[in-house]
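Note that these values count all heavy atoms, side chains included, but never hydrogens, waters or copies made by symmetry.
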Amino acid sequence: MSPEAFETTTRRDADGATVVLTARGQLDIATVHLLRDPVTAAVGDGAGTVVVDLSDVDFFASVGIDVLLRAHEATRRGGGTLRVVVPRLIRRTLTSVGLAHVLDLHDTLTEALPTTS
């Protein structure tokens, strides 16, 4: 993958209650639709939990913040949860704009996945 590339993969767990969207590359104005569209689809599909894994995102422009906030509000309205896996750099950005207390941030995918009891 070239440094400018951005891609996402989506998977749904066996019971359909959790959707995990994994992103890789550089998120900017030219690639934001590649995150926004699958996140919007996952939220609209009625999954109880949507996990956005940004662990492999090496550039995160401010347009990504808008995607996460809209997804957070949409999942809340639908009775679901948005969880975001963030590397240190993105966490620092989200913290600096006051969103660390708004979004459900996690350090690892394992930590973000719902536990079954």
Side-chain angles (χ1 to χ4, degrees):
M1 178 169 48
S2 71
E4 303 83 30
F6 186 83
E7 63 184 19
T8 60
T9 57
T10 304
R11 69 177 169 86
R12 185 177 288 270
D13 69 358
D15 66 3
T18 301
V19 172
V20 177
L21 186 132
T22 304
R24 288 180 192 79
Q26 296 186 359
L27 180 71
D28 58 25
I29 192 71
T31 60
V32 70
H33 68 283
L34 297 172
L35 178 65
R36 182 187 56 238
D37 296 349
V39 168
T40 300
V43 170
D45 284 346
T49 302
V50 175
V51 178
V52 178
D53 184 356
L54 302 175
S55 299
D56 291 328
V57 171
D58 50 28
F59 180 79
F60 187 79
S62 60
V63 293
I65 293 172
D66 181 63
V67 171
L68 296 178
L69 284 175
R70 289 177 186 266
H72 170 72
E73 289 301 318
T75 54
R76 282 187 53 215
R77 279 193 308 273
T81 303
L82 175 74
R83 298 176 181 182
V84 186
V85 181
V86 290
R88 185 180 320 173
L89 182 62
I90 295 174
R91 181 182 290 272
R92 187 173 24 206
T93 299
L94 296 174
T95 299
S96 72
V97 296
L99 294 178
H101 300 293
V102 174
L103 299 173
D104 187 4
L105 303 179
H106 298 271
D107 293 323
T108 67
L109 180 58
T110 301
E111 179 185 303
L113 292 173
T115 56
T116 54
S117 336

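- Taking a cutoff of 4.0 Å between a charged side-chain nitrogen and a carboxylate oxygen, R24 and D58 do not qualify as a salt bridge.
- Put simply, L99 and V51 are part of two different groups of oily side chains (I, L, V, M, F, W, Y) that touch within less than 4.5 Å, one to the next.
- With hydrogens and angles left out, the side-chain atoms of D28 and T31 include a donor and acceptor closer than 3.5 Å.
- The shortest non-hydrogen separation linking A100 to T95 is CB-OG1, 3.4 Å.
- F6 and V84 end up in the same hydrophobic cluster when Ile, Leu, Val, Met, Phe, Trp and Tyr side chains are linked at under 4.5 Å.
- Rounding to the nearest 0.5 Å places CD of Q26 at 12.5 Å from CD of E7.
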Verdict with reasoning, D107 to R88, per salt bridge (Lys or Arg N to Asp or Glu O under 4.0 Å): CA-CA 8 Å; D107 293 323; R88 185 180 320 173; over 6 Å; no

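- No continuous path of hydrophobic side-chain contacts links I90 to V85 [ILVMFWY only; heavy atoms under 4.5 Å].
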Return all side-chain donor-acceptor pairs below 3.5 angstrom for residues 62-72, not counting sequence neighbours, or 'none' if the list is empty.
unit_1: D66; atom_1: OD1; unit_2: R70; atom_2: NE; d: 3.0
unit_1: D66; atom_1: OD2; unit_2: R70; atom_2: NE; d: 2.9

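- The cluster map of Ile, Leu, Val, Met, Phe, Trp and Tyr, joined by side-chain heavy atoms under 4.5 Å apart, puts L89 and V57 in different clusters.
- F60 has its side chain within reach of L54: a pair of non-hydrogen atoms, C-beta onward, lies under 4.5 Å apart.
- Exactly one residue among T108, L109, T8 makes a side-chain contact (heavy atoms from CB on, under 4.5 Å) with D53. That residue is L109.
- The shortest side-chain heavy-atom distance between T9 and L21 does not fall under the 4.5 Å cut-off.
- Taken together through direct or relayed side-chain contacts under 4.5 Å among Ile, Leu, Val, Met, Phe, Trp and Tyr, V19 and L103 form parts of separate hydrophobic clusters.
- Between V50 and R83 there is no side-chain heavy-atom pair separated by less than 4.5 Å.
- With a 6.0 Å radius and a threshold of 12 heavy atoms from other residues, nucleotides or ligands, R76 has its CZ atom at or below the threshold.
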